Amino acid sequence: MDKTFITIKDRSNLVEFMKYTIVGCINTADYYLSYLIFMDIFKFSYRISFVLGYVVSIVGSYFFNTYFTYKQKPNLKKFLLFPLTYVPNFIIQYFGIILLVDKINMNSKLAPVITALVATPITFFVMKYVIKK
């Protein structure tokens with residue numbers, strides 16, 4: 001009888017999730033830097049800066065996740081579908097940041113960090129489905 005607690009499939013999913021988390025950290029840093037640049041240098045509102053920073057980070061995220069996390073070949077169809085995997089993440093973060101900044105009076109530089117932590121696990125499963133399908 002095998003006494004391992006984690007099956008090979010479970011290990012594979014765990015490794016994939018760890019890679020996704022690493023890419024997510026890189027992507028979040030990319031987004032957050034863009035967000036701050038749009039807000040502090042270009043003087044856009046935090047809402048517009050959020051949307052623009054988010055758009056900037058999606059392209060890099062596609063290639064990192066395709067090659068590193070899921071070990072797939074990129075293609076045009078998946079590239080065009082990829083932003084759809086971010087819809088749940090975008091909705092959670094966008095409305096979360098508005099709630100935190102406008103209703104709870106949280107600093108607009110801290111709110112995106114909090115909302116990213118909440119939305120990340122949800123996006124993992126949606127993205128995995130689209131990229132590996």
Side-chain angles (χ1 to χ4, degrees):
M1 177 177 218
D2 186 9
K3 296 198 182 233
T4 58
F5 294 103
I6 301 176
T7 66
I8 291 173
K9 182 170 173 68
D10 291 338
R11 284 185 200 135
S12 175
N13 285 334
L14 181 60
V15 167
E16 219 171 53
F17 184 74
M18 289 170 56
K19 287 181 176 183
Y20 174 80
T21 302
I22 292 166
V23 170
C25 290
I26 294 167
N27 190 47
T28 300
D30 178 36
Y31 149 73
Y32 191 61
L33 180 61
S34 299
Y35 171 81
L36 292 176
I37 288 170
F38 287 122
M39 199 165 59
D40 292 343
I41 295 175
F42 292 104
K43 304 298 182 197
F44 292 135
S45 72
Y46 79 88
R47 291 179 185 197
I48 292 172
S49 297
F50 171 82
V51 172
L52 294 174
Y54 207 89
V55 169
V56 166
S57 70
I58 285 178
V59 173
S61 179
Y62 171 75
F63 288 105
F64 276 127
N65 278 300
T66 299
Y67 285 118
F68 178 68
T69 305
Y70 303 112
K71 297 196 181 295
Q72 301 289 311
K73 285 180 135 180
N75 66 52
L76 184 59
K77 180 181 174 186
K78 289 179 183 179
F79 180 75
L80 295 174
L81 286 174
F82 184 76
L84 295 177
T85 67
Y86 276 94
V87 169
N89 186 288
F90 180 85
I91 291 169
I92 292 166
Q93 288 194 52
Y94 184 73
F95 290 108
I97 195 173
I98 290 170
L99 172 73
L100 293 174
V101 173
D102 291 348
K103 303 297 181 196
I104 300 176
N105 296 317
M106 183 178 283
N107 183 294
S108 63
K109 292 182 182 178
L110 177 61
V113 176
I114 303 300
T115 59
L117 292 172
V118 172
T120 297
I122 296 165
T123 308
F124 168 76
F125 293 106
V126 175
M127 189 179 301
K128 178 178 178 174
Y129 176 78
V130 169
I131 290 179
K132 292 188 106 176
K133 182 177 181 185

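As the structure is a computational prediction, the values presented were derived from the model and not from experiment. Note: hydrogens, waters and symmetry copies are ignored here, and every other heavy atom, side chains too, is used.
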(message) Lys109: which residues meet the side chain to side chain donor-acceptor pair (under 3.5 Å) condition with it, sequence neighbours left out?
(response) Asp40
(message) Using the ring pair (Phe, Tyr, Trp, His ring centres under 6.0 Å) definition, which of the options Tyr35, Tyr32, Tyr94, Phe44 pairs with Phe50?
(response) Tyr94
(message) Are Ile26 and Phe63 linked, directly or through intermediate hydrophobic residues, by side-chain heavy-atom contacts shorter than 4.5 Å (ILVMFWY only)?
(response) no
(request) Measure across Ser34 and Gly53 and return the closest heavy-atom pair with its distance rounded to 0.1 Å. (result) CB-CA, 3.7 Å
(request) Give a yes or no on whether Tyr46 and Phe95 share a hydrophobic cluster (residues Ile, Leu, Val, Met, Phe, Trp, Tyr; joining criterion: side-chain heavy atoms under 4.5 Å apart). (result) yes
(request) Not counting sequence neighbours, list each pair that qualifies as a salt bridge (Lys or Arg N to Asp or Glu O under 4.0 Å) and has a residue in residues 82-97. (result) none
(message) Once rounded to the nearest 0.5 Å, what's the spacing between atom OG of Ser49 and atom CG of Leu36?
(response) 8.5 Å
(message) As an exercise, state the distance from CZ of Phe42 to CD1 of Ile48, rounded to the nearest 0.5 Å.
(response) 13.0 Å
(message) Any heavy-atom pair between the side chains of Val56 and Tyr31 that's under 4.5 Å?
(response) no
(request) State the CD1-CE distance between Ile97 and Met106, to the nearest 0.5 angstrom. (result) 10.0 Å
(message) With a 4.5 Å cut-off on side-chain heavy atoms, are Phe90 and Val51 touching?
(response) yes
(request) Hey, could you give me the OG1/CG distance between Thr115 and Leu110, rounded to the nearest 0.5 Å? (result) 9.5 Å
(message) Side chains of Thr69 and Phe64, heavy atoms from C-beta outward: is any pair under 4.5 Å?
(response) no
(request) Starting from Leu117, walk the hydrophobic network (Ile, Leu, Val, Met, Phe, Trp, Tyr; side-chain heavy atoms closer than 4.5 Å) and list everyone else you reach, by chain and number. (result) none
(request) I would like to know whether Thr66 and Lys78 meet side-chain contact (heavy atoms from CB on, under 4.5 Å); could you show each step before the answer? (result) CA-CA 9 Å; Thr66 299; Lys78 289 179 183 179; over 6 Å; no
(request) Could you list the residues that satisfy side chain to side chain donor-acceptor pair (under 3.5 Å) with Tyr62, not counting sequence neighbours? (result) none
(message) Tell me the closest heavy-atom pair linking Phe82 and Ile58, and the distance in Å.
(response) CE2-O, 3.5 Å
(request) Find out if a path of hydrophobic residues (ILVMFWY) with successive side-chain heavy-atom gaps under 4.5 Å connects Tyr20 to Val87. (result) yes
(message) Applying a strict under-4.5 Å side-chain criterion to I, L, V, M, F, W and Y, I'd like to know whether Ile22 and Tyr70 cluster together.
(response) no
(message) I'd like to check the side chain to side chain donor-acceptor pair (under 3.5 Å) partners of Asp30; sequence neighbours left out, ordered by chain and number.
(response) none
(request) Flag yes if Tyr86 and Val59 sit in one hydrophobic cluster, no otherwise; membership is Ile, Leu, Val, Met, Phe, Trp, Tyr, and two members link when side-chain heavy atoms are under 4.5 Å apart. (result) yes
(request) Working to the nearest 0.5 Å, report the span between CD of Gln93 and CD1 of Ile91. (result) 11.5 Å
(message) Restricting to non-hydrogen atoms, name the atom on Ala119 and the atom on Ile92 that form the minimum distance, rounded to 0.1 Å.
(response) CB-CG2, 3.8 Å
(message) I'd like to know if the side chain of Asn27 and the backbone of Val23 have a donor-acceptor N/O pair within less than 3.5 Å.
(response) no
(request) Only counting residues at least two apart or in another chain, list the ones meeting side chain to side chain donor-acceptor pair (under 3.5 Å) with Tyr54. (result) Asn89
(request) Nearest 0.5 Å please: distance from the CE atom of Met18 over to the CZ atom of Arg11. (result) 13.0 Å
